[in-house]
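Worksheet for the structure shown next.
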There are 2 protein chains.
Amino acid sequence: MRNRLKVLRAERDWTQADLATAVDVSRQTINAIEKGKFDPSLPLAFKFSRLFDQTIEQIFFADDDE
Amino acid sequence: MRNRLKVLRAERDWTQADLATAVDVSRQTINAIEKGKFDPSLPLAFKFSRLFDQTIEQIFFADDDE
DNA sequence: CCTTTAAGTAAAGTGTGTTTGACATATAGT
DNA sequence: ACTATATGTCAAACACACTTTACTTAAAGG
């Protein structure tokens with residue numbers, strides 16, 4: 001899965017730490033998701049969705065290998 | 001998280017095993033998700049979404065405790 | 001240079017998602 | 001009664017999501 005978190009952050013001038021606080025996870029978790037090390041859980045994906053007011057499909061999308 | 005998997009299955013007259021095969025997980029996983037024992041991973045949620053041609057938000061939704 | 005801030009990364013630990021195998025229960029058809 | 005099919009559930013095992021602590025790198029400003 002790829003995602004647009006970095007861009008959505010940049011549009012708001014938020015750091016990874018800011019976003020982490022907003023969705024109540026650690027900064028390292030945000031970093032790992034942005035870098036594609038793992039996918040968020042479904043509940044966390046919903047938190048991003050609500051925070052950015054975009055559907056999950058607008059934020060996350062399949063990359064090549066799925 | 002609650003979900004509409006049981007209804008979506010019923011509309012198509014699919015068993016839990018049928019759905020499991022369609023999204024390539026075990027029957028027990030479908031059962032556990034339907035019974036609310038745990039949430040699917042995000043990639044699995046995307047598979048349901050594509051299979052039923054509905055957004056993740058149309059299939060899954062927050063219940064009281066989140 | 002030095003300091004600060006943001007981002008990247010790693011190890012070790014906890015908890016959850018998912019599997020396999022097995023067994024129990026319910027319903028329906030014969 | 002018996003059989004078949006669908007569903008529910010449990011335990012053990014493994015993989016992944018996420019945490020904390022800590023160290024590193026890069027950029028920017030004094």
Side-chain angles (χ1 to χ4, degrees):
Chain A
M1 307 247 9
R2 293 275 170 123
N3 65 75
R4 296 180 47 248
L5 292 181
K6 186 172 183 172
V7 171
L8 292 167
R9 266 198 311 113
E11 288 173 351
R12 290 158 181 80
D13 199 22
W14 288 353
T15 66
Q16 291 181 346
D18 291 334
L19 178 53
T21 299
V23 296
D24 198 31
V25 295
S26 69
R27 178 181 68 82
Q28 288 82 342
T29 292
I30 299 296
N31 189 41
I33 293 169
E34 286 193 2
K35 301 297 283 183
K37 296 205 177 156
F38 51 72
D39 300 321
S41 67
L42 186 57
L44 181 51
F46 266 88
K47 282 191 181 181
F48 290 125
S49 174
R50 289 190 291 260
L51 178 63
F52 293 121
D53 198 30
Q54 299 191 16
T55 65
I56 291 176
E57 285 85 351
Q58 287 171 331
I59 302 176
F60 296 91
F61 39 93
D63 52 4
D64 305 340
D65 55 336
E66 64 173 283
Chain B
M1 306 245 9
R2 292 275 169 123
N3 66 74
R4 297 180 47 249
L5 292 182
K6 187 172 182 172
V7 171
L8 292 168
R9 265 197 314 113
E11 288 173 351
R12 290 158 181 80
D13 199 22
W14 288 353
T15 66
Q16 292 181 344
D18 291 334
L19 178 53
T21 299
V23 296
D24 198 30
V25 296
S26 70
R27 178 183 69 81
Q28 288 86 337
T29 292
I30 299 297
N31 188 35
I33 293 169
E34 285 193 3
K35 301 297 282 184
K37 297 206 175 157
F38 51 70
D39 300 320
S41 67
L42 186 56
L44 181 51
F46 266 89
K47 283 190 181 183
F48 290 126
S49 174
R50 289 191 293 260
L51 179 63
F52 293 122
D53 198 29
Q54 300 192 16
T55 65
I56 290 176
E57 285 86 351
Q58 287 171 332
I59 303 175
F60 296 91
F61 40 92
D63 51 4
D64 305 339
D65 56 335
E66 63 174 284

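No hydrogens, no waters, no symmetry mates; every other heavy atom, side chains included, goes into these values. What you are looking at is a predicted structure, and each value in this text was computed from that prediction instead of being measured.
- Defined by atom type and a distance below 3.5 Å, a donor-acceptor pair is missing between the side-chain atoms of B/Thr21 and B/Asp18.
- Contact check, B/Ser41 against C/dT18: a side-chain N or O comes under 4.0 Å of OP1 or OP2.
- Using a 4.5 Å heavy-atom threshold, the side chains of B/Thr55 and A/Thr55 count as separate.
- Side-chain contact between B/Gln54 and B/Leu8 is present, with heavy atoms from C-beta onward closer than 4.5 Å.
- Nucleotides of DNA chain D that come within less than 4.0 Å of any heavy atom of chain B span, from the 5' end to the 3' end, D/dA6 to D/dC10.
- Atom CD in B/Glu34 sits roughly 14 Å away from atom P in C/dT18 (whole-Å rounding).
- The side chain of B/Lys37 contributes no N or O atom lying less than 4.0 Å from OP1 or OP2 of C/dT16.
- At least one side-chain nitrogen or oxygen of A/Gln16 sits closer than 4.0 Å to the OP1 or OP2 atom of C/dG8.
- Summarising the geometry, the separation between CZ on A/Phe38 and C1' on C/dA10 is reported as 13 Å, rounded to the nearest angstrom.
- Counting any heavy atom pair closer than 4.0 Å across all strands shown, A/Asp13 reaches no nucleic acid atom.
- Rounded to the nearest 0.5 Å, atoms OG1 (B/Thr29) and CD (B/Gln16) are 11.0 Å apart.
- For the pair A/Ile56/A/Leu42, a side-chain contact is recorded, criterion being any heavy-atom separation below 4.5 Å from C-beta on.
- Distance CE/A/Met1 to CZ/A/Phe61: 8.0 Å, rounded to 0.5 Å.
- One atom, CG of A/Leu5, and another, P of C/dA7, lie 13 Å apart when rounded to the nearest Å.
- Checked by atom type and distance alone, the side chain of B/Arg4 pairs as donor or acceptor with a backbone atom of B/Gln58 at under 3.5 Å.
- The distance from atom CD1 of B/Ile30 to atom P of C/dG17 is 14 Å, rounded to the nearest whole Å.
- For the pair B/Leu44/B/Ile33, a side-chain contact is recorded, criterion being any heavy-atom separation below 4.5 Å from C-beta on.
- B/Arg9 contributes a side-chain N or O that, together with a main-chain N or O of B/Trp14, makes up a donor-acceptor pair within less than 3.5 Å.
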Quick tally for nucleotides 20-30 of chain C: nucleotides whose base has a protein heavy atom under 4.0 Å get B, sugar-phosphate-only ones S, the rest -, giving BBB--------
